[in-house]
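One structure is given here, and the rest of the page talks about it.
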Number of protein chains: 2
Amino acid sequence: MDVGKWQTIFGRYEAASFTVNKRFGSLVKEKLQDVLTIDQQMTLSYIKRFGSCTTTELAEAFCVNKSAITAIVTRLNEKGYIHRDRDEKDRRIVYLRLTEEGEKVFQWADEKVFEVVSPYLKIFSEEEIETFLKLYEKLASVSNEGAGEEK
Amino acid sequence: MDVGKWQTIFGRYEAASFTVNKRFGSLVKEKLQDVLTIDQQMTLSYIKRFGSCTTTELAEAFCVNKSAITAIVTRLNEKGYIHRDRDEKDRRIVYLRLTEEGEKVFQWADEKVFEVVSPYLKIFSEEEIETFLKLYEKLASVSNEGAGEEK
DNA sequence: GTGAACAGTTCAACTCTTGAACTAGTTATT
DNA sequence: AATAACTAGTTCAAGAGTTGAACTGTTCAC
């Protein structure tokens with residue numbers, strides 16, 4: 001394939017991801033009202049998935065500085081959704097866990113996001129969605145390689 | 001398909017888009033250095049695509065309040081990348097256009113974004129990328145329907 | 001035991017965002 | 001023509017997320 005063709009493909013990808021991200025982002029934000037921001041929801045989601053995790057882990061997953069995570073976690077902690085537990089053996093490490101309240105609000109928020117997004121996924125046939133996800137996951141997987149170097 | 005299956009699909013979609021967006025976002029940001037933020041780049045890109053546009057148009061496309069656009073445009077204007085031209089007939093309307101400098105910096109930034117993203121797209125076969133884009137564009141298209149109501 | 005490395009936090013400065021209040025211009029109504 | 005209603009855009013205060021530098025504690029290696 002020549003250069004021009006790749007530019008066309010890039011342009012199409014750019015346009016599609018722009019639209020999907022802005023639209024979904026806006027709908028999700030609206031659904032979560034003043035309870036959680038999108039970043040707060042994603043933070044709870046990540047911690048929930050792994051049971052507990054550290055600031056450093058979150059910073060790597062979110063591709064941001066650790067201080068950005070500290071800020072988000074502090075807000076979630078003030079709202080009573082997250083615990084900060086120091087490791088007994090290595091006292092530098094702080095484990096982040098959901099509180100009871102945090103579990104509840106995460107459940108609620110995840111349901112809301114599902115309600116917003118799933119109707120749009122349901123317009124696809126079972127075969128289409130499988131094909132799409134396989135390719136999207138492939139993209140996610142390669143974009144994740146060589147992840148150690150930056151930040 | 002039953003509910004559980006849709007939840008699985010939703011989870012897979014959530015995970016893939018999270019990874020791709022965070023990774024690409026981080027790489028693009030790094031490439032654009034202190035010249036442009038991602039939102040500024042997307043704003044220049046949108047204006048470039050349509051030749052000129054208004055604050056209201058941008059706000060709808062980006063799914064944000066008009067005042068958010070005013071802020072971004074003001075910064076781009078201070079940097080000398082954007083003109084504000086009042087419509088002669090309807091003097092409420094302000095047309096936003098790229099300056100010479102704006103055209104140049106957009107060209108540069110678009111090239112940078114292309115350099116970051118295209119290597120990851122190139123791992124797909126021609127058939128795969130076409131299938132993926134068709135489905136992604138379908139998702140973009142349906143997510144864009146019913147766009148008039150909100151905000 | 002000292003110095004290097006690491007985990008996490010604090011801080012100032014910036015960008016983006018909202019929502020309310022506002023200016024200025026246009027359209028509709030009577 | 002005068003008033004009211006609407007529209008385009010801006011300003012402002014407040015809040016969220018981000019960076020990068022400087023900092024506190026803690027652990028590890030020599």
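Being a predicted model, the structure only gives us computed values, none of them experimental. Below, read A as the first sequence line, B as the second, and so on, with proteins coming before strands; counting in each chain starts at 1.
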Would you tell me if any nitrogen or oxygen in the side chain of B:R75 comes within less than 4.0 Å of OP1 or OP2 on C:dC16? yes
Assert: residue with more 5' nearest nucleotide on DNA chain D, out of A:K89 and A:I38, is A:I38
Would you give the length of the straight line joining atom CD of A:E128 to atom NZ of B:K134, rounded to the nearest 0.5 angstrom? 11.0 Å
Rounded off to whole Å, could you give me the CG-to-P distance for the A:D39 and D:dT19 pair? 11 Å
Under 4.5 Å between side-chain heavy atoms, counting indirect links through other Ile/Leu/Val/Met/Phe/Trp/Tyr residues: same cluster for B:I123 and A:I9 or not? yes
Proximal nucleotide (of D:dA16, C:dT9, C:dT15) relative to the A:K66 side chain: C:dT9
Specify the separation, in whole Å, of atom CD of A:E57 and atom C1' of C:dA7. 12 Å
Tell me: CG of B:N65 to P of C:dG19, nearest whole Å? 6 Å
Just call it for B:T54: base, sugar-phosphate, or nothing, with non-hydrogen atoms closer than 4.0 Å on any strand. sugar-phosphate
Nearest to the side chain of A:T55, heavy atoms from C-beta on, is which of D:dT26, C:dG8, D:dT18? C:dG8
Give one of base, sugar-phosphate or nothing for A:I72, where a contact means two heavy atoms less than 4.0 Å apart. sugar-phosphate
Remember a base hit wins even if backbone is also touched, and classify B:T70 as base, sugar-phosphate or nothing at under 4.0 Å, heavy atoms. base
Please report, rounded to the nearest Å, how far the P atom of C:dT15 is from the CG atom of B:L76. 11 Å
Out of D:dG9, D:dT18, C:dG25, whichever nucleotide has its closest atom nearest the side chain of B:D90: C:dG25
Would you tell me whether A:T74 and A:R84 have side-chain atoms, one donor and one acceptor, within less than 3.5 Å of each other? yes
Of B:R92 and A:Y95, the one whose closest nucleotide on DNA chain C sits nearer the 5' end is A:Y95
Is it true that A:Q40 and A:K79 share a donor-acceptor pair across their side chains at a distance under 3.5 Å? yes
Which of D:dT10, C:dT17, C:dT9 is nearest the side chain of A:R84? It is C:dT9
Check every atom of C:dG8, C:dT18, D:dG9 against the side chain of B:A68 and return the nucleotide holding the closest atom. C:dT18
Just how far, in rounded Å, is P of C:dT17 from CD of A:E30? 16 Å
Residue mapping more 5' on DNA chain D - nearest nucleotide basis, A:F62 or A:E88: A:F62
Report yes if a side-chain nitrogen or oxygen of B:T56 is closer than 4.0 Å to either non-bridging phosphate oxygen (OP1 or OP2) of D:dG9; otherwise report no. yes
If you compare every side-chain N and O of A:S67 against the phosphate oxygens of C:dG8 (OP1, OP2), does one of them come in below 4.0 Å? no
Assign A:R86 to base, sugar-phosphate, or nothing according to its heavy-atom contacts below 4.0 angstrom with the strands shown. nothing
Can you see if the side chain of B:R91 gets near the phosphate of C:dT26 - specifically, an N or O under 4.0 Å from OP1 or OP2? no
Measure from the side-chain heavy atoms of A:T37 and tell me the nearest of D:dT26, C:dT17, D:dG17. D:dG17
Tell me: CD1 of A:I82 to C1' of C:dG8, nearest whole Å? 15 Å
Quick one: A:I69 CD1 to D:dT19 C1', roughly how many Å, whole number? 13 Å
Nearest to side-chain heavy atoms of A:I93, which nucleotide of C:dC16, D:dG17, C:dG8: C:dG8
Establish, yes or no, whether a centroid distance under 6.0 Å links the rings of A:F62 and B:F18. yes
Just say parallel, tilted or perpendicular for the rings of B:Y120 and B:F24, cut-offs at 30° and 60°. tilted
In whole angstroms, how far is the P atom of D:dT18 from the CG atom of B:L36? 19 Å
